[in-house]
Amino acid sequence: MRYDLVIFDNDGVLVDSEPISNRLLAGYLTELGHPTSYEDSLRDYMGGAMHRVHDLVLERTGRRLPEDFDDVFHGRVFAAFERELEPVPGAVGVLEKLTADGVAYCVASSGSHERIRVGHRKAGLDRWFDDRRIFSSQDVGRGKPAPDLFLHAAGRMGVEPERCAVIEDSPLGVQAAVAAGMDVYGFTAMTPAAKLAGATRLFADMGELADLLAG
C-alpha cells in the first residue's frame, strides 16, 4: 500500500445514502416553497454540509429556511435510513483489506456525527469505525470544498497530507481533497466521471479500490 492513511467520505462511498437523502431534501425544499428536483439536489448539495443548503437558498431567494429545518430534515432522513439504508456494495471488502494490511483509515464526512453514526449502525459498519476514526464538518469551521476537514482528519490521525488517499464521490469533496494536497480517488457510481475530473484516479466499482490503492 502506497498510502499511510485512507480517508473515506461517508454518504455514497461507505453507505448508500445519497439517493435517500437527496430525494428527501428535494421534497422538503419543494414543500417549503423552493421547488427542487432530485437532480437539482444532487447537483447543488451532494457532498456539502447543511450550511450550504441554507446559504444557497438565501442567496437565490432572499428567504431563510426555518430554524428547525435541520432537525426536521434529519428526522426524516434517520427514519428512512432505518427502513432503507445499506452499505455501498464492496465497502466492507475494502475495510477488511485495509485492516488485514494494517493500513490506517477513517471517515471525514460533511454529515453530522449523529448522521454518520446512525448510518453506520443501520448499515452494519459501526464495528469498523470507533470515535477515533470519525470526523465531521461539525469539527471544523468550513466544510467541503474547503480542505479543512481532510486536513483535520489527517492531523488527528498523525499522517502528512501527501501520504493520504481520499475516497470521494462528489465534486465538492474532490475539490477539498485536491486543496488539501491529497490524492483523491473519484467514485463514479452515482456521479458522472466528468464532474470528478480533478481526481487522481476514477473508478466505478468499490470492489476495485483496494487494488487501485495498492498499485
Requested in this report: Apply side chain to side chain contact (heavy atoms under 4.5 Å, CB included) to Pro161 and list each qualifying residue two or more places apart in sequence or on a separate chain.
Outcome: Leu151, Met182
Requested in this report: Measure up the His74 and Phe78 rings against each other and bin them: parallel (under 30°), tilted (30 to 60°), perpendicular (over 60°).
Outcome: parallel
Query raised in the report: Which heavy-atom pair separates Ser136 from Leu149 by the least distance, and what is that distance?
Result: O-CD1, 3.4 Å
Query - Rounded distance (nearest 0.5 Å) linking atom CD of Glu39 with atom CG of Asn22 - result: 10.0 Å
Requested in this report: Examine Val6 and Val94 and state if one hydrophobic cluster contains both, with Ile, Leu, Val, Met, Phe, Trp and Tyr joined whenever side-chain heavy atoms are less than 4.5 Å apart.
Outcome: yes
**Report entry** Donor + acceptor pair across side chains of Asp183, Tyr3 (<3.5 Å)
**Finding:** yes
Query raised in the report: Under a single-linkage definition using a 4.5 Å side-chain heavy-atom cutoff for Ile, Leu, Val, Met, Phe, Trp and Tyr, are Tyr185 and Phe8 assigned to the same hydrophobic cluster?
Result: yes
Query - Same apolar cluster: Phe73 and Val15, side chain cutoff 4.5 Å - result: yes
Requested in this report: Would you confirm whether the ring centroid of Phe135 sits within less than 6.0 angstrom of the ring centroid of Phe150?
Outcome: no
Query raised in the report: Do Arg64 and Asp55 pass the salt bridge (charged side-chain N to carboxylate O under 4.0 Å, His left out) test, and can you show the C-alpha distance, the side-chain angles, and the key distance before you say yes or no?
Result: CA-CA 8 Å; Arg64 295 186 182 278; Asp55 293 346; over 6 Å; no
Query raised in the report: Which pairs with one or both residues in residues 134-152 pass salt bridge (Lys or Arg N to Asp or Glu O under 4.0 Å), sequence neighbours excluded?
Result: Asp9-Lys144, Arg142-Asp148, Lys144-Glu168
Query raised in the report: Judged by modelled atom types alone, do Ser41 and Arg23 share a side-chain donor-acceptor pair under 3.5 Å?
Result: no
Report task. Scan residues 195-205 for pairs that pass side chain to side chain donor-acceptor pair (under 3.5 Å), counting only residues two or more places apart or in two chains. Result -> none
Query raised in the report: Crowded around Arg43 CZ? As in, over 12 foreign heavy atoms under 6.0 Å?
Result: yes
Query raised in the report: Val57, Leu24: one ILVMFWY side-chain cluster at the under-4.5 Å cut-off?
Result: yes
Report task. Begin from the C-alpha positions of Arg117 and Asp131 and carry the test salt bridge (charged side-chain N to carboxylate O under 4.0 Å, His left out) through to its verdict. Result -> CA-CA 9 Å; Arg117 287 177 171 81; Asp131 288 348; 2.7 Å; yes
Query raised in the report: What are the two closest non-hydrogen atoms of His54 and Pro66, and how far apart are they?
Result: CE1-O, 4.4 Å
Query raised in the report: Is it the case that Asp169 and Thr191 place a side-chain donor and acceptor less than 3.5 Å from each other?
Result: no
Report task. Could you tell me whether Glu82 and Arg121 make a salt bridge, using a distance below 4.0 angstrom between a side-chain N and a carboxylate O? Result -> yes
Query raised in the report: Any chance CZ of Arg2 has more than 12 other-residue heavy atoms, nucleotides or ligands included, within less than 6.0 Å?
Result: yes
Query raised in the report: Are Asp44 and Arg52 ion-paired here, with the side-chain N under 4.0 Å from a carboxylate O?
Result: no
Report task. Check the side chains of Ser109 and Asn10 for a donor-acceptor pair under 3.5 angstrom, ignoring hydrogens and angles. Result -> no
